[in-house]
Amino acid sequence: MNPPLTRFKGTGGSLRQMLKHSGSHNTMTSLDSIKLREKPYINAEVAGGGIPGWATNIPGLARTNASDYKEAWIIHGFAEETAPYQYPDGPVIAVQSENEYATSSQAHIPGLDQHMQEIIDTLRQGGITKVPTIHNDKNPSGQYGQKGLGKVDLYGWDGYPLGFDCDRPEVWGELSTQMDTSHQTWNPAEPLALFEWQGGAFSYWSGPGYSDCYRLINEQFANVSSIFWPSSFPHLVKTHQVYYKNNYASGAALQNLYMTYGGTNWGNMHTHTIYSSYDYGAAIREDRTPTPKYDELKLQAYFLHASPDYLLVQRIGNGTVGSGTAYSDSPDIYTTHLHTAQSGVNFYFVRQVTNKKIIDTNFKLKLNATVGGRDTSLVVPQFGDMTLAGRESKIVVSNYGFGTSKLVYSTAEVMTWATFDKVDTVVVYALEGQHIEVALEPQGNKPITIAGSRTVQARSQQGMVIVSGIPSGISIVSIGNARLIIVDKKTAAGFWAPRLQGIGDHTQYDVSPDVPSVLIHGPYLVRDVAVKGSTLALTGDLNTTTTIDIFAPSQFHSITWNGKVIHVTRSELGSLRGDVQFPKGLGGAQVPDLESLQWRCKDSLPELSSDFDDSNWISANKTSTARPQRPFDGKFVLYSSEYGYHSGQWVWRGHFTAPASGVELSIQGGFSFGYSVFLNSHFLGSGQGSSHSQDGVDILSPVFNFTSDQLVDGDNGSMLYVDGPRMLSDALTVLTVIHDSTGMNQDYNINDEHKAPRGIRGYRLISDDGADFIQWRLAGSTFYCPEEYGDITYDSDVGGENAPDHVRGPYNEGGWWFERVGAHLPGFDATNWDACSPFQGINHPGVVAYRTTFELDLPAGSDIPLAFDFVLDSDSPHRVLIYVNGWQFGRFVSTLGPQTSYPIPEGILNHHGQNDVLISLWALQPQGAKLKQLQLNKRATISSSKSAKVNVVDAPNWQELRRGSTTN
């Protein structure tokens, strides 16, 4: 199983959202329970928002019922591909029809309602008939939640209450309590569905980075609620927002977090506002290691699975002292009371009134309970006070059943429960140092026993057993057939509650409390538990030698861990206890020192040579465009997508005859893109765009003045191909423009923003006689290479939209020379390249490709995430592409950042064999550049139950993609 998905399953999470980009493959067979956000538009900070690059040439307004846009759909094929995986036959439980979409009346754009209905009809015709269609409104405004065209089966909405202000992670807004009102307004007969709720935030070029995004959306954020729609994000401005525990306080039946795991924007898949990493400050980091937020999500998910009564709740009241219903005695505490009439259980959601208060608040809470068959009102705790830390929220329960037993009330939060040998066992927790009080109604006059940590006490009073104290470690309180496991919150995070495989007839999707399970404390990760007679077969991961405690039925006497027998004894807690050893020597696993490897290099700008022949390149000769973004100046349209190239980097060559005194250019490449310009072999200059949050500079307009020594002198004719070869009597001068793209724009506002061009937006030769360029030629992905740099035959059907690499995809490569010849691919022969190193670099502007190979042989049974680490360098500005075994997995910008570390997942990086790595160094200034640092470092060292060898992705090599042509 995919490791991030396995880890997510370990939290108790039951729903995954899959975002299907137009270039993605079917991976549904590897998932559990998923909601599909499908093409044609997904947003998600991906290139074009998911709209493919070729569709930018369609004249009609995208995301509407424009006939030419509809003709480009692939929705029917998607539906047919998905249909076999609908629940209960597969994991798909819902399909999203469009993303954050507006009605025609809201957006004042005709055809939107019809477009939405056409999508739904097409999904149904393609076989999506067993699961609901859904829509995630950008805010709770009822779009496609009401009767009429485009009405989906289940309406819900998004929420990003803290926006994306990672620059100020300490600043939290205040809480709005209008979610239930919104639900009652728009779709009270449907479950409250929060289809895309903030699980992190994206960072931007030159921004603060994902460590600060995590600080903004951390485990406290997951625990409490906050919040407002920041004025800096006007498209989010609405006052309907709470989440996580306060989402539950509003009765949310479905909460989908964006993101739980973000991963990496490999192969130019990101939009231009963000960079290679999509860590997102999520609960699981880009390198797959967990954060404290992961623990918080696990505690909440376990509680929700253990509390099916929550799905039947009704709101009773909410408020604080002086406003609404005051359940507590403190004006600093806000309480929401939910009640399930069928069972009598009460849920009290308590939080601080203001998120600005970051210190403790002590209080008592008035709640309803049933003792001895009589309903009563209690003030709890009866001994001492309850405490809320700053930015903390708790769920206090009363009349809470677990098995045949009942908690009268608990100021400690419930994690989960299970019944073993007719003993009902419930796990409750609180922050270390906080006083708790738990009351049970015993079944008969049973003795009270306490084991483990002695930081809690128990007493009988008024027909209840009241347990109180300050949790630390594990305390076990037993009263008859009821058992309390009382722990501090850090200890609680070390518990796992996997469902047992091989018992009963439940499916893999069933995580209700009546499904047989066990409680395991200690390991870094528990993946699964299988039953083999009297043995529990555990599979999981370790990051150190660990003592495990297993609470399970008495029929189990022995334990295996990843197939090895673990010696266990019965502990004083009543658990099976044993030690699982971290393998000796695993921590010493070695990775290569990249600086000591043998590197070979080749100049990747042969286009600057005076005899370079670009006659087999695409002629950029269009004089008009259908897209709304028109050229600023110049006869020819120099937009890369007009010629089938939609991502990466490009080389433009403009031919003209002297004399000319200069050139004016406007170059567009997305926020924080880069360019360099050369006249013949002479460097004219470079530049880089900028970015701040969702704004920035994506067009640069340099003016270059020519000097006489830069122009071609002489009357030797030059060959030029314009509708066939001809000789020029005047000397031919070539202007070479290289630039990259930081990704296609999205189309959030349905205004064809995704059609914003990449290329030369305008140009003008500065000349007394009005001279102009005779022609422009363009090189993009997988095209012709001149003979002296490799004998690769030009094929007009190969490249751009017809790129032959159907595994890595059409966005993976760009138009640098080394990409065109396939030097980044496994199997490329670079033995004739010069011996040189990126640590030595170059002393001139330009692009040089550095290639090396190395072997890895990491220990069997290990999971060791690896990353390439750079350091920023403003003294010698440069831009770098990272290719690993043919996959583009990073774009490093030395002066902007913030990303300096690039995790490469196993399967892309071969942990048990040879790896081919290519680093391109693009020096932007006359002094050149070199890498100050490039290291391959371990992010973690885990003893893992995953396969000893993860297969490298089966992707074509150089021989297959470049037809076996030779290079020198």
Next on the checklist: Please verify the inter-ring angle class for Tyr643 with Trp652; under 30° counts as parallel, over 60° as perpendicular, anything in between as tilted.
Outcome noted: perpendicular
Checklist entry - Any idea how Trp266 and Trp887 line up, ring-wise: parallel (<30°), tilted (30 to 60°), or perpendicular (>60°)? => result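 Aromatic pair Trp266/Trp887 classed perpendicular.
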Can [X] and [Y] be counted as having a side-chain donor-acceptor contact under 3.5 angstrom?
| X | Y | answer |
| --- | --- | --- |
| Arg758 | Ser641 | no |
| Ser701 | Glu664 | no |
| Asn812 | Gln888 | no |
| His878 | Gln925 | no |
| Glu196 | Asn256 | no |
| Gln746 | His272 | no |
| Gln688 | Arg879 | yes |
| Trp776 | Ser619 | no |
| Tyr639 | Arg761 | yes |
| Asn99 | Asn43 | no |
| Asn265 | Ser276 | no |
| Arg808 | Asn885 | no |

Next on the checklist: Applying side chain to side chain donor-acceptor pair (under 3.5 Å) to Tyr204 and His692, what does each step give before you reach the verdict?
Outcome noted: CA-CA 7 Å; Tyr204 54 88; His692 183 81; 3.1 Å; yes
Checklist entry - Are the side chain of Thr742 and the backbone of Phe671 linked by a donor-acceptor contact shorter than 3.5 Å? => result yes
Next on the checklist: Can a donor-acceptor pair be found, under 3.5 Å and without considering hydrogens, that links the side chain of Gln927 to the backbone of Ile842?
Outcome noted: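 Between the backbone of Ile842 and the side chain of Gln927 there is no qualifying donor-acceptor contact (under 3.5 Å).
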Checklist entry - Do you know which of Tyr275, Tyr210, Phe164 makes ring pair (Phe, Tyr, Trp, His ring centres under 6.0 Å) with Phe202? => result Phe164
Next on the checklist: Between Phe868 and Ile904, does the side chain to side chain contact (heavy atoms under 4.5 Å, CB included) criterion hold? Intermediate values first, please.
Outcome noted: CA-CA 8 Å; Phe868 288 96; Ile904 311 296; 3.5 Å; yes
Checklist entry - How long is the gap from SG on Cys213 to CG on Leu162, to the nearest 0.5 Å? => result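 Reported value, rounded in 0.5 Å steps: 11.5 Å.
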